[in-house]
Amino acid sequence: METAIIPVTPITPTDNNDLVSSEVQPNKRRRKKSIVWDHFTVETVGDGCIRACCNQCKKSFAYITGSKLAGTSHLKRHIALGICPVSRQRNQQASDTKTANATYEPRKRQRATPGFANIPFNQERCNHEIAKMIIMHEYPLHIVEHPGFIDFARTLQPQFNMVSFNTIQGDCVAMYLNEKQRLLNFINEIPGRISLTLDLRISNQTVGYVFITGQFIDMEWNLHRCLLNVVMVPSPDSDCALQQAVVSCLSDWHLENRLFTLGLDQSFSNVNINQNLRALFSVRNPYMLHGQFLIGNCFARVLSLLAQEALWSVGETVKKIRDSVKFVKTSDTHEETFFGLKEQLKVPSMKDIFIDDQTKWNTTYDMLAAACELKQVFLCLETSIPDYNIAPSMDDWKQIEILCTYLKLFFDAVSILTGPTYPNASAFYHEVSKVQLELTHAAMSNDPFISNLTKPLKEKFDRYWSDCFLVLAIAVVMDPRFKMKLVEFSFSRIYGDDAGMWIKIVDDGIHELYLEYIAQALPPPETFVEERNGSIIPEQNGGVILKTEPPEDGYLHEEGYLQEEQTHEAAPQEVSHHEVAHQEDSRHDVAHREVSDQEVDSQEITHQEEASQEVPSQDPLISIGDGLSDFEVYISEISGSHQMKSELDQYLEESLLPRVQDFDILGWWKLNKTKYPTLSRMASDILSMPFSTVGPDSVFDTERKKMDNYHSSLRPVTLEALICAKDWLQYGGLSQSCDGNVKMEF
């Protein structure tokens, strides 16, 4: 064992030739055994003061032999805890060398601690996370070239090589393409149709950007809403701008013949745009209910326009309230005085006043509502602050209170779009019909201020109501808690004595739409082509069709085959709506048969019945077998008469479900899709209809959103990738795993 160096303090004689105290004399019989003396040296500094000096960093520490106050504990901490910078650096180098040459044998009696020391560095994973960060938080792609961000990343991981602008741009686009393929596969598997909404944004470069959002219900009856495309259009004011964007979306997502509704903001559309879109769908997509579902309007935009007009009609009074709030909030002294008066007057309001953001009409409503509750404080503020000379009068406050009543009506109605989940179509009927009813009642008020305020609002909302009341009513009928009963109740309050006519329009419309779904479920009829010689010729698609002489009466039967009276004693009747409904329960079997086979089978049964009637029975007994065969025939006849009712009629005749708060309408249809196979397909398409073209963050906007200069400078494919991928990532659309199936370089 190496012997520790024992420092010797020089002995200096005193005036009386006595030696110094024994405390400073070295004890030759006792050696210092502490490990700290491998790293420290004892030195005498000044007037007999002893210090312990670190051999590596040369820093000195207090030390008194045999003392607990300045012993060796703090010296051990200096070495053991890595406080000494020189020792810490040497230990790190020794650890790296040992790690490189070691066989990774586990140390004995070492407690495992959680950590990330054994996680290998992955450059691709880091690149993926940077791309995800840029997409999720809308950071500029140039962030990878910012010196501050580069230094920050290298401090966290010295091995990380910062990617270039082109590389990170390619990673973002690759992530978008991978997730787009997953979403495309998912949409291709949904059983129903999809609805689209269009929103237009402009930029300082006068270039337009069409945001196309899709909404649909999947096989598990979950409602999905996701951004599908961001299409740049060079001339946003042209009549064909939206048409080009829709054509691009239909092609990208394979949505031909699968579109159910299309909603857009009427503020940027006109008659020509609507006609162009309808002409497009007449070719690429069959109409449903005569195309009444194709062009809708944005519910949020409509209410936003109504709120702005209401605020504008009393703009002078609103300005007085806003100026009063500014007077208080822009001075600490004024605000302190204001809240002092509030405590003296014991105003019970818990609201605080604030200055509104005039680009969001809901903030103006909140400012006015809070000011109304504190109007007593504002009325007394003039006595405390002489400079306050803009106090609103009592009539002004009365007008603001009435205004807030109708702003609250609009606010509550549109708030269904700000929740964590997007509501299904049936939820909109309650809010829209309530607004229609309240405005109708207010427009006939005896109060001139109320009537003058609400009449212009009612005229504008009447146009929206007339365009969408049928679609809204059909949607709420699909709610088993309401069905037609709520339509009848609300229409009687809105239309009064004329309610019966409007209720019949809804009833006829929903039955007509149901018959369209029935027609889609039936097998296609055989195709016959007229020819005099009656020969068989090949069809264009490779099949074989019969060419025959037309009948004397000159028409083809609607079921696709000819009637010849000389060969058929009993001609089949035309298919009526009741017979179509009767075939619903067996339509899955019928779907795999040919219409001609059905005719042959019916003819054979007819001949067998005629033969059985011609041959008299030799059995004198009426009953056959056990005597219950006739009973089975009787039961089949009764059940056959009950099957004459369609699924829609059965659904409407059943009693209403109890109205509970958290009723899951989509879950109910999922459980009853076997009972109502055709009606459930119709309900799936109807309940997925969107009534707003904007997201939750834009519901209260008073101005159309503009594309900022940074996004406008990006390439169209990069812009679409960043915006769409953020939407998918925000709602869990992107996978958490990092796969490099697609690589993009720019």
Side-chain angles (χ1 to χ4, degrees), residues 195 197 215 217 223 225 261 263 293 296-304 306-307 362 365 405-442 454 457-458 460-496 499 502-503 505-507 509-510 651-652 655-669 683-694 696 699-700:
S195 298
T197 62
Q215 191 159 309
I217 292 177
L223 181 62
R225 180 182 175 88
T261 63
F293 290 166
N297 203 344
C298 178
F299 179 56
R301 297 286 193 191
V302 170
L303 292 187
S304 179
L306 294 183
N362 63 311
Y365 159 67
T405 300
Y406 294 99
L407 290 180
K408 184 179 187 304
L409 175 67
F410 303 150
F411 177 83
D412 293 341
V414 81
S415 293
I416 62 173
L417 295 169
T418 61
T421 58
Y422 194 86
N424 62 74
S426 65
F428 288 90
Y429 179 83
H430 312 291
E431 306 300 336
V432 177
S433 61
K434 182 180 178 181
V435 173
Q436 176 68 17
L437 176 64
E438 294 296 341
L439 291 180
T440 302
H441 176 73
T454 56
L457 306 182
K458 180 184 180 300
K460 288 181 171 58
F461 197 76
D462 280 345
R463 290 194 292 268
Y464 174 73
W465 172 259
S466 62
D467 290 339
C468 68
F469 84 93
L470 178 60
V471 180
L472 289 166
I474 291 178
V476 81
V477 170
M478 294 294 100
D479 191 330
R481 299 171 297 171
F482 304 111
K483 302 182 181 180
M484 283 293 297
K485 301 302 181 183
L486 181 61
V487 175
E488 297 169 358
F489 170 75
S490 57
F491 276 25
S492 63
R493 303 177 67 187
I494 295 174
Y495 296 110
W502 298 100
I503 293 173
I505 292 176
V506 175
D507 186 72
I510 193 171
Y651 166 77
L652 294 177
S655 59
L656 303 180
L657 295 183
R659 190 164 63 92
V660 295
Q661 184 68 24
D662 298 328
F663 178 73
D664 184 8
I665 181 175
L666 298 182
W668 187 88
W669 279 106
S684 174
D685 294 340
I686 291 175
L687 294 176
S688 65
M689 290 188 301
F691 286 91
S692 176
T693 63
V694 298
V699 166
F700 301 103

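Numbers for residues simply follow the sequence, beginning at 1. FYI, side chains are in, hydrogens and waters are out, and symmetry mates aren't considered; it's all heavy atoms of this structure.
Side-chain contact between Arg493 and Thr440 is absent, with no heavy atoms from C-beta onward closer than 4.5 Å. Taking 4.5 Å as the limit, some side-chain heavy atom of His430 sits within range of a side-chain heavy atom of Val476. The side-chain heavy atoms of Phe691 and Leu472, taken from C-beta on, include a pair separated by under 4.5 Å. Considering only heavy atoms from C-beta on, Ser692 stays 4.5 Å or farther from Thr197 through its side chain. Side-chain contact check for Lys460 versus Leu457: every heavy-atom pair is 4.5 Å or farther apart. The closest side-chain heavy-atom distance from Lys434 to Leu409 is below 4.5 Å. With contacts defined as side-chain heavy-atom distances shorter than 4.5 Å, the pair Phe482/Ser426 does not qualify. Under the 4.5 Å side-chain criterion, counting only non-hydrogen atoms from C-beta, Val487 is not in contact with Trp502.
Scanning all heavy atoms of the two residues, the minimum distance from Gly509 to Ile474 falls at C-CD1, 4.3 Å. Minimum heavy-atom separation, Pro423 to Ala427: CB-CB, 4.0 Å. A pairwise comparison of heavy atoms in Ile510 and Asp507 identifies CG2-O, 3.2 Å as the closest pair. In terms of heavy-atom proximity, Ile505 sits nearest to Leu470 at O-CD1, 4.0 Å. Scanning all heavy atoms of the two residues, the minimum distance from Phe491 to Ala499 falls at O-CB, 3.5 Å. In plain terms, the two heavy atoms of Ala413 and Leu303 that are nearest each other are CB-CD1, 3.8 Å.
Between the CZ atom in Phe410 and the CG atom in Leu306 there is a gap of 5.0 Å [rounded to 0.5 Å]. The distance from the CG atom of Asn297 to the SG atom of Cys468 is 8.0 Å, given to the nearest 0.5 Å. Atom CG of Asn424 sits about 7.5 Å away from atom CD1 of Ile217, to the nearest 0.5 Å. The OG atom of Ser433 sits 13.0 Å away from the CZ atom of Phe469 when rounded to the nearest 0.5 Å. Distance CZ/Phe461 to OG1/Thr454: 13.5 Å, rounded to 0.5 Å. In this structure, the separation between CZ on Phe489 and CD1 on Ile494 is 10.0 Å, given to the nearest 0.5 Å.
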Subject >> Stepwise side-chain hydrogen bond (donor to acceptor under 3.5 Å, both in side chains) test for Thr261 and Ser195 >> reply: CA-CA 5 Å; Thr261 63; Ser195 298; 2.7 Å; yes
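By the 30° and 60° cut-offs, the orientation of the rings of Phe700 relative to Phe411 is parallel.
Residues satisfying the side chain to side chain contact (heavy atoms under 4.5 Å, CB included) test with Asp412, not counting sequence neighbours, are Lys408. Every side-chain hydrogen bond (donor to acceptor under 3.5 Å, both in side chains) that Trp465 has, sequence neighbours left out, goes to Tyr495.
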Show which side-chain atoms of residues 656-668 pair as donor or acceptor with protein atoms under 3.5 Å away, not counting sequence neighbours.
from, atom 1, to, atom 2, distance (Å)
Asp664, OD1, Leu666, N, 3.4
Asp664, OD1, Gly667, N, 3.1
Asp664, OD2, Gly667, N, 3.4

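Panel note: side chain Lys483, backbone Tyr651; a donor-acceptor pair is recorded below 3.5 Å.
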